Protein chains: 2
Amino acid sequence: MAPPTTPELVDVHRTAAERLQADGQRFTGGRRTLVDTLVRTDRPLTIAEILARVDGLAQSSAYRNLAVLERAGVVRRVVGADEFARFELAEGLTEHHHHLICSACGQVVDFALDPEVEVALESALGRVAHDGGFTVESHRLDLLGVCDACA
Amino acid sequence: MAPPTTPELVDVHRTAAERLQADGQRFTGGRRTLVDTLVRTDRPLTIAEILARVDGLAQSSAYRNLAVLERAGVVRRVVGADEFARFELAEGLTEHHHHLICSACGQVVDFALDPEVEVALESALGRVAHDGGFTVESHRLDLLGVCDACA
DNA sequence: CTCAGTGCAAAGGATTTGCATGCCG
DNA sequence: CGGCATGCAAATCCTTTGCACTGAG
């Protein structure tokens with residue numbers, strides 16, 4: 001249950017800039033701030049949480065920039081148990097991990113899977129996708145349950 | 001990639017009735033129709049798809065009854081890649097399975113995992129949850145990618 | 001009779017978009 | 001200078017809710 005390690009901030013910025021550029025987008029100050037905010041946390045954040053942490057950020061800019069970052073593959077949208085969208089850094093900017101989702105409060109917490117199991121899983125998924133004529137981009141694995149705080 | 005087998009219709013009705021009763025709810029005609037509709041499909045359906053298949057069903061009744069069925073554990077809400085909620089029968093009324101989600105069209109398709117891998121996965125998840133002080137109710141595993149039709 | 005279930009229409013709320021302005025390139 | 005990014009506020013659209021009616025028990 002060790003939290004995923006975080007790549008160097010510099011690397012994150014460089015990768016983010018590259019992915020944005022590849023998508024024909026700029027790495028603006030606002031977008032940099034969003035990325036920084038997501039680097040500093042160990043779990044996906046809701047828009048509300050992001051707005052609370054970034055002073056002077058317009059709600060529409062948050063949505064718009066997160067959409068841009070998502071299309072560019074810098075950020076990933078996480079769907080939990082409640083109706084709020086949550087965001088985290090995409091693969092390559094964070095270690096591969098999964099989520100514990102509390103069905104009571106909607107909170108989402110990161111966790112990593114035993115590497116051995118992860119490998120077995122990926123191989124099995126590769127087979128399934130191949131058989132189903134499906135081009136896999138990624139997979140997501142979530143645990144639904146009740147967290148300590150809500151129990 | 002064999003589709004999950006479907007429990008007998010009679011069993012589904014009996015189980016649904018039991019779970020509803022346990023939750024203090026009735027198994028009305030409308031609810032029976034919803035369950036029947038979900039039994040007849042091999043993938044989660046959106047509200048729109050359900051309304052199209054059930055003639056004379058009010059949108060509000062669909063939402064309301066699906067909410068009741070979800071609380072009673074008869075139906076499960078599936079979140080895909082688009083903004084539409086999808087519904088399928090809950091565990092026990094269908095074989096345990098996972099989803100292939102097309103990021104292009106949002107379509108969701110069911111698939112089952114190699115039992116051996118599934119077992120290893122569940123055991124690993126049990127460990128994680130235990131270590132994280134989290135009471136697990138279930139897990140969900142989705143493959144995100146592009147389906148044949150959209151490729 | 002009573003009360004939950006149902007339809008219709010209006011309300012709700014997260015997310016998106018139009019438009020004018022400001023800033024980076 | 002030109003075009004994209006940003007704020008503000010209005011519009012969207014899935015989903016939920018209020019209310020009156022109907023049907024099951």
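Note that this is a predicted model, so its numbers are computed, not measured. The sequence lines fix the lettering, A, B, ..., with proteins before strands; numbering per chain opens at 1.
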Winner on side-chain proximity to B/Phe84, out of D/dG7, D/dC14, D/dA5, is D/dC14

Scan A/Gln25 against the nucleic acid and name what it touches under 4.0 Å (heavy atoms): base, sugar-phosphate only, or nothing. sugar-phosphate

Under 4.0 Å between a side-chain N or O of A/Asn65 and OP1 or OP2 of D/dA5? no

How many whole angstroms separate atom CD of A/Gln21 from atom C1' of C/dC24? 15 Å

Within the structure shown, what part of the strands sits under 4.0 Å from B/Gly30 by heavy-atom distance: base, sugar-phosphate, or nothing? sugar-phosphate

Would you classify A/Thr28 as touching base, sugar-phosphate or nothing, given that sugar-phosphate means primed atoms plus P, OP1 and OP2, and contacts are heavy atoms under 4.0 Å? sugar-phosphate

Over how many whole Å does the gap from B/Gln59 atom CD to C/dA10 atom P extend? 14 Å

Counting any heavy atom closer than 4.0 Å, what does B/Ala67 reach on the DNA or RNA strands: base, sugar-phosphate only, or nothing? nothing

Result block: side-chain N/O donor-acceptor pairs under 3.5 angstrom for residues 24-39 of chain A, not counting sequence neighbours:
unit_1: A/Thr28; atom_1: OG1; unit_2: A/Arg31; atom_2: NE; d: 3.3
unit_1: A/Arg31; atom_1: NE; unit_2: A/Asn65; atom_2: OD1; d: 2.8
unit_1: A/Arg31; atom_1: NH1; unit_2: A/Arg26; atom_2: O; d: 2.9
unit_1: A/Arg31; atom_1: NH2; unit_2: A/Asn65; atom_2: OD1; d: 3.4
unit_1: A/Thr33; atom_1: OG1; unit_2: A/Gly29; atom_2: O; d: 2.9
unit_1: A/Asp36; atom_1: OD1; unit_2: A/His13; atom_2: NE2; d: 2.5
unit_1: A/Thr37; atom_1: OG1; unit_2: A/Thr33; atom_2: O; d: 2.7

Could you give the CZ-to-C1' distance, from A/Arg71 to D/dC4, as a whole number of Å? 13 Å

Quick one: is B/Ser61 getting a side-chain N or O under 4.0 Å of the C/dG7 phosphate, OP1 or OP2? yes

Name all residues meeting the salt bridge (Lys or Arg N to Asp or Glu O under 4.0 Å) criterion together with B/Arg76; count only those two or more places apart in sequence or in a different chain, and write none if there are none. B/Glu91

Spacing of B/Arg77 atom CZ relative to D/dC14 atom P, expressed in whole Å: 14 Å

Can you tell me how far P of C/dG13 sits from CG of A/Asp82, to the nearest Å? 15 Å

For B/Ile47 and B/Tyr63, run side chain to side chain contact (heavy atoms under 4.5 Å, CB included): C-alpha distance rounded to whole Å, both residues' side-chain angles, the deciding distance at 0.1 Å, then the answer. CA-CA 8 Å; B/Ile47 294 283; B/Tyr63 276 109; 3.7 Å; yes

With a 4.0 Å cut-off on heavy atoms, is A/Gly24 in touch with a base, just the backbone sugar-phosphate, or nothing at all? nothing

Assuming nearest nucleotide by heavy-atom distance, tell me which of B/Arg64 and B/Arg26 is located more 5' along DNA chain C. B/Arg26

In whole angstrom, what separates A/Leu20's CG from C/dC24's P? 17 Å

Hey, does the side chain of A/Tyr63 come within less than 4.0 Å of C/dT15's phosphate (OP1/OP2), counting only N and O? yes

Determine whether the side chains of B/Arg19 and B/Thr15 contain a donor N or O and an acceptor N or O closer than 3.5 Å. no

What's the CG-P distance between B/Asp55 and C/dT6, to the nearest Å? 16 Å

Once you round it to whole Å, what is the distance between C1' of D/dT6 and CG of A/Leu69? 15 Å

Between A/Glu49 and A/Arg43, is the closest basic N to carboxylate O distance under 4.0 Å? yes

